[in-house]
Amino acid sequence: MSEKKTKRRDFLFTATTAVGAVGAAAVVWPMIDQMNPDASVKALASTEVDVSSLTPGNTLTVLWRGKPVFIRRRTQEEIDEARAVKMEDLIHPEKDEDRAKNPEWLVMLGVCTHLGCVPLNDKGDYNGWFCPCHGSHYDTSGRIRKGPAPWNMEVPKYEFVDANTIKIG
Amino acid sequence: MSDHEYRPKSKVGQWFNDRLPLLTLANHLTDYPTPKNLNYWWTFGGILTFCLITQIVTGLTLAMHYIAHADMAFESVEHIMRDVNYGWLIRYIHANGASMFFLAVYIHIFRSLFYGSYKAPREIIWIIGIIIYLLMMAAAFMGYVLPWGQMSFWGATVITNLFSAIPLVGEGIVTWLWGGYSVDNPTLTRFFTLHYLIPFLILGLVVLHIWALHVPGNNNPVGIDIKKPSKDTVPFHPYIVIKDGFALLMFMIVFAFFVFYAPNILGHADNYIEANPMVTPAHIVPEWYLLPFYAILRSVPDKLLGVVAMLSAILILAVLPWLDTSKIRSAVFRPLYRQFYWILVADVLILGYVGAMPAEGLYLLIARVATAYYFLHFLVILPVLGFKEKTLPVPLSITEPVLGGSPNLAAARNKESKIE
């Protein structure tokens, strides 16, 4: 056994192991991937919301992909407050202009970026939202200002289909 | 197996045993030499076996009536409570059984910590035990999700979101765990499947745990190696069987108290409200047995580091046999360790208390100090103590201090009074 020389048998042994490993991986992958979102879940990718009844200073909460979406029709003070904030004061710097293309309408996932709770409207130190689970404060643009959450509340892909209808997703 | 050659008395027994030595195994378990000074803290192994079997039996019967579907789960649990014959009893035993299981396992773990049962040559028993403990937490968490109440839903959301702290792949992992973009029906059905599976994994590990235990034999309150069998041991049956049985009876009184007089006291009222993805309950708290780790999670202001700290708090136990550098097992002969042990017990209880309180102001400060101390105990105090501590002289056998004339008589007596 002292002589280490690659033999035909060593080659066969390595080749068999390699083919076996590839085969095992090919079988394991479907078992793992079956847990990912299925076709019926993915099919619910967009939803249309009628916002005609929403008056300034109020929030509509709708369910999209099983998650709440906040649609906030902001008052002028709220817009001014959000746009007056300096970038260096933000934990996750994002301009309000980029978050709300139409300043009156703020559309975002009502999901705290810490551990996924639903923040409460018109609460907290920054007149925006407050998450009751672990105490994250968001401003009138839904940006994180204080607390353990790392990011601003996410703005999903959305568009105005007409003046009164928002399509999310 | 047994040191002496066992041979069944009957012809049939011999015929069977030659083909499958089950009777030899039964004989080994009956005659198994056990240290004669085991106190009542050693009865929790048997109590835990009882808890596991109780959970499996009540779980199987509940599964006959429960429906794992987001639209029907909550209703089917109420159906069990109101319509199914004795459904209320079976469910209350199962729900409170989880708490009793954790109560027993915490006593079992802290017994090991006090008497140094995790040290050589019992490291593998200890590590298997930690794996069982981790699986217990997974099973308990998934079981709590099944009634599909508000706490179920939001507990599942918060705990699965812990994985989103992992850089890059975190979000993908969370979506994969959920089987969607939020906790929903696919999440519920897979949690039910895994909740059903895990107890049987635990059962298998318990067999390994006991197997590994029977190689070196039990540790004991004096913590010395003993000859087996000798005058320091008694056979498992009837001595330990009776003692375990009596302790189990006492334990069942506590268990029955919760089931019959306070079945919901350990639960949360919000879980009698059906899951609503639009509203988060005002105050989310995990079950009491997870509170110390929850406090550690919240005491770290950074999301990723909080998750890392929480997992480390559990996994650090797995390397405990190598962190504790002292050769002496039992705290009875370690005057300094004994004090640090009780400080650790207090520290964990404090963590549990602040874990149930809002994470702000003084509570947050206490949680941070207690978290720091927890890690200090394992990473600094234990390794250093092994070198610095002046331990008391250890007796040569269990019998020696009892017969008198031993310099350790005082220590042995001191230990006796501790047990009461």
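Throughout, a chain's letter reflects where its sequence line sits, starting with A, and its residues are numbered from 1.
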*Centres of the B:Y106 and B:Y133 rings: under 6.0 Å?*
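Yes, ring centres under 6.0 Å apart.
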Between [X] and chain B, with a heavy-atom cut-off of 4.5 Å, which part of the residue counts as in contact: side chain, backbone, both or neither?
X	answer
A:L120	neither
A:P150	side chain
A:V111	neither

If you count heavy atoms of other groups shown closer than 6.0 angstrom to [atom1] of [X], is the number above 12?
X	atom1	result
A:M31	CE	no
A:L12	CG	yes
A:F11	CZ	no
A:F13	CZ	no

*Which atoms of B:P301 approach chain A - backbone, side chain, both or neither, heavy atom under 4.5 Å*: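 For B:P301, the contact with chain A is made by the backbone alone.
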*With a 4.5 angstrom heavy-atom cut-off, which part of B:P358 approaches chain A: side chain, backbone, both or neither?*
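Neither part; nothing is under 4.5 Å.
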_Which heavy atom of B:L304 sits nearest to which heavy atom of B:A165, and what is that distance?_
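Scanning both residues completely, I find the closest heavy atoms to be CD1-O, 3.1 Å.
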*Please report the closest heavy-atom contact between B:I198 and B:A138, naming both atoms and the distance.*
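Closest heavy-atom pair between B:I198 and B:A138: CD1-CB, 4.0 Å.
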_Does the SG of A:C117 lie under 2.5 Å from the SG of A:C133?_
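The sulfur gammas are closer than 2.5 Å, so yes.
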Compile the donor-acceptor pairs, distance criterion under 3.5 Å only, formed between chain B and chain A.
residue	atom	partner	partner atom	Å
B:N161	ND2	A:L115	O	3.0
B:W176	NE1	A:I32	O	2.7
B:Y181	O	A:K67	NZ	3.1
B:S182	OG	A:G66	O	3.3
B:R190	NH1	A:M35	O	3.0
B:R190	NH2	A:M35	O	3.0
B:T280	OG1	A:V118	N	2.6
B:Y294	OH	A:H134	NE2	2.7
B:K303	NZ	A:T113	O	3.0
B:K303	NZ	A:H114	O	2.9

